[in-house]
Protein chains: 2
Amino acid sequence: MSCITTLTRTLRQRGYRMTPQRLAILQALHDVGHLTPAQVYARVRATGMTEATVYRTLDFLAENDVVRVADRGSGHLAYELAGEDHHHLICRACGAQQEIPAEVLRGMLDALEGHTGYRLNAGHLTFFGLCPICQESFTAEPVYEIVGG
Amino acid sequence: MSCITTLTRTLRQRGYRMTPQRLAILQALHDVGHLTPAQVYARVRATGMTEATVYRTLDFLAENDVVRVADRGSGHLAYELAGEDHHHLICRACGAQQEIPAEVLRGMLDALEGHTGYRLNAGHLTFFGLCPICQESFTAEPVYEIVGG
DNA sequence: TTGGTTATTGATAAAATTATCAACAAGGAA
DNA sequence: TTCCTTGTTGATAATTTTATCAATAACCAA
């Protein structure tokens, strides 16, 4: 059974429906990886879909854990398919990105769950910092600038 | 020397200025703890300040590490004074919040710095999950809803 | 396959956020 | 104190995001 068929069934069990608009947006995210709402719209506007629908659908998919939200420091939220857990490390100076495997943080997250009793939704965390190269070029009192991405 | 005097001097060293608008916004954040841009504006509009100025000033203060941004899951970013490091754990079902002392995550963050060579800006992280009470009231296939705060 | 229920969409307006630019004012210099 | 430089603000427009609601279409039942 295809991935889409499974997803459709899951949504229906929850009282929702699968629509061509939702499929198109999922396809766009699958093709590119992660996109802002504006970028999604640019890719699906040919279908006649409204911008409002893009925002609504992304919200809907995120609330149903089909996609996940990631604040990538550009001032605009990005969305991506919820797949294997991983995290990101982004340099605030040059924008370089590095992927962090889920295992690296798993221990800490487990400890946090044990300590607080919460069950965490930490599928995708983003950390910000200075990469080794940019650390060199900054003086004693750096003024950080958010770099768009 | 007062805290404001120190801050003013620091900004000036970086080529910026202290203004009554910036003071008013800092005062509001000091009084309440954390506020969204709209909430800040509600508290300072009596001074005649523009909404645009509120957004600009919050951005400015965040880029200079005077305040920090926290995505509190309401869909709108919140701002708070940058003080002693701490983190938050928020229940996605009922909105309950729990503070996490910095020490709990320090070890993990240090390890991450060592592993990647990055210098992290992780003054305030927010984790989302289900609190112990809400875990009881959810069935096998929960549909999470973001709760505004 | 057909009909009926209702979740979803498009169209539109409203609200929130960002960009632009001339006028103003903070802070240093004389 | 007064003048000058230029960072900052207010006013305004543009853009992004959210809310509203009637029309549409997905999906189940017969």
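To find a chain, count down the sequence lines: A is the first, B the second, and so on, and within it residues start at 1. Computed from a predicted structure; not experimentally measured.
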Undergrad: Rounding to a whole Å, what distance do you find between B:Q13:CD and C:dG27:P?
TA: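 The distance from CD of B:Q13 to P of C:dG27 comes to 13 Å, rounded to the nearest Å.
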Undergrad: Measure CD1/B:I25 against C1'/D:dT9 and give the value in whole Å, please.
TA: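 Atom-to-atom, B:I25 to D:dT9, this comes out as 11 Å.
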Undergrad: Among the candidates D:dA26, C:dA16, D:dG7, find the nucleotide nearest to the side-chain atoms of B:Y55.
TA: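 My answer, after comparing the listed nucleotides, is C:dA16.
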Undergrad: Whole-Å distance between C:dT18 C1' and B:F60 CZ?
TA: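 One finds 18 Å between C1' of C:dT18 and CZ of B:F60, rounded.
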Undergrad: Would you mind reading off the distance between A:E63 atom CD and C:dT8 atom P, rounded to a whole angstrom?
TA: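 Answer to the nearest Å: 11 Å.
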Undergrad: State whether the side chain of B:T36 and the backbone N or O of B:Q39 hold a donor-acceptor pair below 3.5 Å, judged by distance alone.
TA: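 Looks like yes, one N/O pair under 3.5 Å.
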Undergrad: Does A:T19 make a side-chain N or O approach to OP1 or OP2 of C:dT9 shorter than 4.0 Å?
TA: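 The answer is yes; a side-chain N or O of A:T19 sits under 4.0 Å from OP1 or OP2.
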Undergrad: Closest-nucleotide mapping onto DNA chain C: is B:M18 or B:E51 further toward the 5' terminus? I mean the 5' end.
TA: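 Nearest nucleotide further toward 5': that of B:E51.
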Undergrad: Looking only at side-chain atoms of A:T57, point me to the closest of C:dT9, D:dT9, C:dG28.
TA: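 Among the listed nucleotides, the one closest to the side chain of A:T57 is C:dT9.
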Undergrad: Start at the 5' end of DNA chain C and walk down; is the nucleotide closest to B:D59 or to A:R22 reached first?
TA: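 That would be A:R22.
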Undergrad: Identify whether any heavy atom of B:T8 sits under 4.0 Å from a base atom; if not, whether one sits that close to sugar-phosphate; answer base, sugar-phosphate or nothing.
TA: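 Contact class for B:T8: sugar-phosphate only.
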Undergrad: Taking only side-chain N and O atoms of A:T53, does any of them lie within less than 4.0 angstrom of OP1 or OP2 on C:dG10?
TA: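 Answer is yes, contact under 4.0 Å.
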Undergrad: Rounded to the Å, how far apart are B:Q21 CD and D:dT8 P?
TA: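 B:Q21 atom CD is separated from D:dT8 atom P by 11 Å.
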Undergrad: Counting N and O atoms only, with roles assigned by atom type, does the side chain of B:R12 sit under 3.5 Å from a partner on the main chain of B:Y16, one being a donor and the other an acceptor?
TA: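 Side chain of B:R12 to backbone of B:Y16: a pair is present.
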Undergrad: Can you check whether any acceptor in the base of C:dG27 is under 3.5 Å from a donor in the side chain of B:R17, or vice versa?
TA: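 Checked by distance alone, the answer is no.
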Undergrad: What is the distance from CZ of A:R56 to P of C:dA13, rounded to the nearest Å?
TA: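 These atoms are roughly 16 Å apart.
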Undergrad: Figure out the CZ/P separation between A:R12 and C:dT5, and round it to whole Å.
TA: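 It is 15 Å, rounded to the nearest whole Å.
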Undergrad: For the side chain of B:R22 and the backbone of B:R17, is there at least one donor-acceptor N/O pair under 3.5 Å apart?
TA: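 Yes; judged by distance alone, with no hydrogens or angles, the pair exists.
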Undergrad: Looking only at side chains, do B:R9 and B:T6 share a donor and an acceptor under 3.5 Å apart?
TA: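 B:T6 and B:R9 do not have a side-chain donor-acceptor pair below 3.5 Å.
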Undergrad: Output the distance between atom CZ (B:R14) and atom CD (B:E63), rounded to the nearest 0.5 Å.
TA: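 CD of B:E63 is found 11.0 Å from CZ of B:R14.
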Undergrad: How many Å lie between CZ on A:R14 and P on D:dA26, as a whole number?
TA: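 In whole Å, D:dA26 P lies 21 Å from A:R14 CZ.
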Undergrad: Taking only the side-chain heavy atoms of B:P37 (C-beta and beyond), determine which of C:dT8, C:dT17, D:dT12 contains the nearest atom.
TA: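 Closest of the options to the side chain of B:P37: C:dT17.
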Undergrad: State which of C:dA7, D:dT8, D:dA19 makes the closest approach to the side chain of A:A52.
TA: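 The answer is D:dA19, which lies nearest to the side chain.
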